[in-house]
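Every chain is numbered from 1, with letters handed out A, B, ... down the list of sequences.
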Protein chains: 2
Amino acid sequence: MKSQLSSSTEDYVKTIYAFTEWQDAPITSSQLAARLGVANSSVSEMVRKLKDLGLVDHRPYGAVRLTEEGRRVALTMVRRHRLLETFLVNELGYSWDEVHVEAELLEHAVSDLFVERLAAKLGDPSRDPHGDPIPTAEGAVPRIDAHRLSELDPGHAGRITRISDENPDLLRYLAQERIFLDTDVTVVRRKPFGGPLVVRIDEGGGSRDFDVADEVADAVWVRSGPAHPGCTLEPGT
Amino acid sequence: MKSQLSSSTEDYVKTIYAFTEWQDAPITSSQLAARLGVANSSVSEMVRKLKDLGLVDHRPYGAVRLTEEGRRVALTMVRRHRLLETFLVNELGYSWDEVHVEAELLEHAVSDLFVERLAAKLGDPSRDPHGDPIPTAEGAVPRIDAHRLSELDPGHAGRITRISDENPDLLRYLAQERIFLDTDVTVVRRKPFGGPLVVRIDEGGGSRDFDVADEVADAVWVRSGPAHPGCTLEPGT
DNA sequence: CATAAGTTTTCGGTATGCCTAAATACTACG
DNA sequence: CGTAGTATTTAGGCATACCGAAAACTTATG
C-alpha cells in the first residue's frame, strides 16, 4: 500500500495540501512552482508523476487537487512536521522561529514508529507551538475556530490561537513586540487610506495599542469572539 | 568550508571510517562496495568524487584512506549516529536492536544545532547504548580499553563494555540470553575442533556457562582484566 | 471573435548515483 | 616469469529531479 515516496513527492503533496488548509481555491501549477522554488516545467513533470501515483487529480491546464490518498499522505507529513516542531520547542529548547526549517528536513527522515513514540512522549498534543492543529494518526484534523486578524472588523475581540510559521522573521518580530499565542487582542480601527490595523492588547496591568502591518494581520489568527470591545472569550485549554 | 555533502557521500565516508575503527588495514574498493550494498563500479566512481572533494586519498587499484578532512566528516557522522541512538533508547523507549536503522536515516537530516542541543539534553554522554564511544564535537574519540571476546584466551575475565550494533538479530539474541553491557564474563575454554568459545557469566546468585558462536565472539568486546578466573574488574562508571 | 497576453506543457539537457558488461591492471601460482 | 584468476576501472545506460527555451493552450480585451 505504501511504496515509499521520495522527499520531493512528499514536499509537493504537502505544499498542495497547505495551500487549501486555510482557504478553498485549489492551487495552480505556477503557484505550486513559486512555493516550491522550482521552475514551472518541473511542476508539470512532477504533477504527471503524482497523478500516476494516484495522489492528485489533474487535467492539462487545470488546477491540482489532492485525491483522498494524496490527502492522507499530506496529513501524515503535516502531523510529522508539527510534532517535530513541538518536540524541538518543548524538549530541545528551540525558539518558535527556529523550528520550521529543521522540521522540514527531519520530516522526510523519521519513521512512523518514531513519530508515534514521539507523539506519546509529548502527550499526544493537538496543537504545535504556533497553534497549528496536529492531525491525528488516523487523519482527523482538530477543528480550529479562528479567523485571520485581517478579516476581523473593528470591535472584534479574541485571543490569538494561531500564528503562521512560514516567516521566521515575522515570528521574531512578534516575539520582540511581546505578541504570542494566547495573547488577548481587540481590533480598534483601521487607520485611514488603507493604513495598518490597530489592535488593543490586554496585558497584565494595562493595555497598549499596536499597529498591525498587513502581512502580520494575515499571519495572525484570532479565536472568534463577541463583537464588543472589552469582552474577551473564556480561556481555552 | 562546508559545502553540504550528499547523504551518499556521508555514507561512504562513514563506512570507510568504520572499517578502521576497530582494526588497522585500510578498506579496499570491493569491501566498501559490499558494505554499502552497491556495485564495485559505483564505488570507483564515487571514490573519484570523494578524492576530488579532498575527503580520501586513493591511487588507482589501491586501498581507500580518509584524509584529515574526511576523518573529521566521519567523526561528525559517527557522533550524530551514536547520539541519535542514545536518544532513541533513553528518551523514546526504543530497544537497542531497533535503533541502528532509524539512526542511519536521521543522521543525514539533523543539523549541527540539533545535534548539540540533543547532546546537551542527554548530558553529553560518552558512550551509546551499545557501548560505542561518542566522539566529541571537537573530534576527540573517548578511549575504549577493550578487546573482542574472540581474541581472549581462556582465563581472561572482564566486563562487557561494547557490543557491535550492526546486526539487530544478534542483539535480540543476546538480550534473550540475558547478555548485556556491563555483564561480567570469564573465558572458560574453547570447545575442541574449532567449536564455540565457552564463557562463564557471573550473575546475581550464581553463574552459568554460555556457548559463544564465532559471530557473537567477534561482536562482543570485553574490558581487559586480570588473567585469573574469578577475579573480576572494578565496576566502571 | 480574433488576437494579444499570460499560463502550462513539451522538448532537449544537466547532475547524481546507481547498474551491467567489457576492458584493464594487479597477483599469485605453476 | 608468464598466465589464470581476481580486483578494479571504464563505458554505456537508467531513474530522479531539476533547468531554460519553445510550442501549445486559455483567457482576457478591443
Side-chain angles (χ1 to χ4, degrees), chain A residues 2-17 19-20 25-66 70 73-74 77 104-105 107-109, chain B residues 2-17 19-20 23 25-66 70 73-74 77 101 104-105 107-109:
Chain A
K2 195 183 199 177
S3 30
Q4 207 52 311
L5 306 169
S6 71
S7 289
S8 276
T9 302
E10 291 178 339
D11 277 336
Y12 275 79
V13 168
K14 196 181 59 151
T15 304
I16 296 165
Y17 174 81
F19 190 82
T20 37
I27 196 168
T28 66
S29 280
S30 44
Q31 286 169 325
L32 192 43
R35 298 207 159 204
L36 289 164
V38 302
N40 288 344
S41 53
S42 306
V43 170
S44 282
E45 268 184 36
M46 196 59 163
V47 166
R48 186 161 17 82
K49 286 178 196 165
L50 295 178
K51 193 181 174 189
D52 292 345
L53 288 170
L55 297 172
V56 304
D57 288 329
H58 178 246
R59 21 190 313 179
Y61 301 97
V64 183
R65 257 170 273 252
L66 291 178
V73 171
M77 298 311 298
E104 295 237 282
L105 293 175
E107 67 193 11
H108 301 299
Chain B
K2 194 184 200 177
S3 29
Q4 208 50 313
L5 306 169
S6 70
S7 299
S8 275
T9 302
E10 290 177 340
D11 276 336
Y12 275 80
V13 168
K14 195 181 62 151
T15 304
I16 295 165
Y17 174 81
F19 189 82
T20 38
Q23 56 151 61
I27 197 168
T28 66
S29 281
S30 43
Q31 287 169 323
L32 191 44
R35 298 206 160 205
L36 289 164
V38 301
N40 288 343
S41 53
S42 306
V43 171
S44 282
E45 271 183 36
M46 196 60 161
V47 166
R48 186 162 15 84
K49 286 177 196 166
L50 295 177
K51 193 181 173 189
D52 292 346
L53 288 168
L55 297 172
V56 304
D57 288 329
H58 178 247
R59 19 188 315 178
Y61 301 97
V64 182
R65 257 169 274 253
L66 291 177
V73 170
M77 297 311 297
V101 172
E104 295 237 282
L105 293 175
E107 68 193 11
H108 301 298

May I ask you to evaluate whether A/Ser8 reaches the phosphate of D/dT16, defined as a side-chain N or O under 4.0 Å from OP1 or OP2? no
Out of D/dT16, C/dC18, D/dT9, minimum distance to the side chain of B/Tyr12 belongs to C/dC18
Between A/Pro60 and B/Gln31, name the one whose nearest nucleotide on DNA chain D is closer to the 5' end. B/Gln31
Heavy atoms within less than 4.0 Å of DNA chain C: which residues of residues 34-47 of chain B have one? Give them sorted by number. B/Gly37, B/Val38, B/Ala39, B/Ser41, B/Ser42, B/Glu45, B/Met46
Length of the line joining B/His58:NE2 and D/dT9:P, which is rounded to integer Å: 4 Å
Salt bridge (charged side-chain N to carboxylate O under 4.0 Å, His left out) partners for B/Glu10, two or more places apart: none
Across all chains, not counting sequence neighbours, the side-chain contact (heavy atoms from CB on, under 4.5 Å) partners of B/Ser30 are B/Thr28, B/Asn40
Look at the side-chain N and O atoms of A/Thr28 and state whether any lies under 4.0 Å from the OP1 or OP2 oxygen of C/dT7. no
Expressed in angstrom and rounded to an integer, what is the separation of A/Leu50 atom CG from D/dT16 atom P? 12 Å
For B/Lys51 and D/dT9, give me the distance from atom NZ to atom P, rounded to whole Å. 10 Å
Residue met sooner reading DNA chain D from 5', once A/Thr9 and A/Tyr61 are mapped to nucleotides: A/Thr9
Could you state the atom-to-atom distance from CD1 of A/Ile27 to C1' of C/dT7 in whole Å? 14 Å
Starting at atom CG of A/Asp52, determine the distance to atom C1' of D/dT16, rounded to an integer number of angstrom. 14 Å
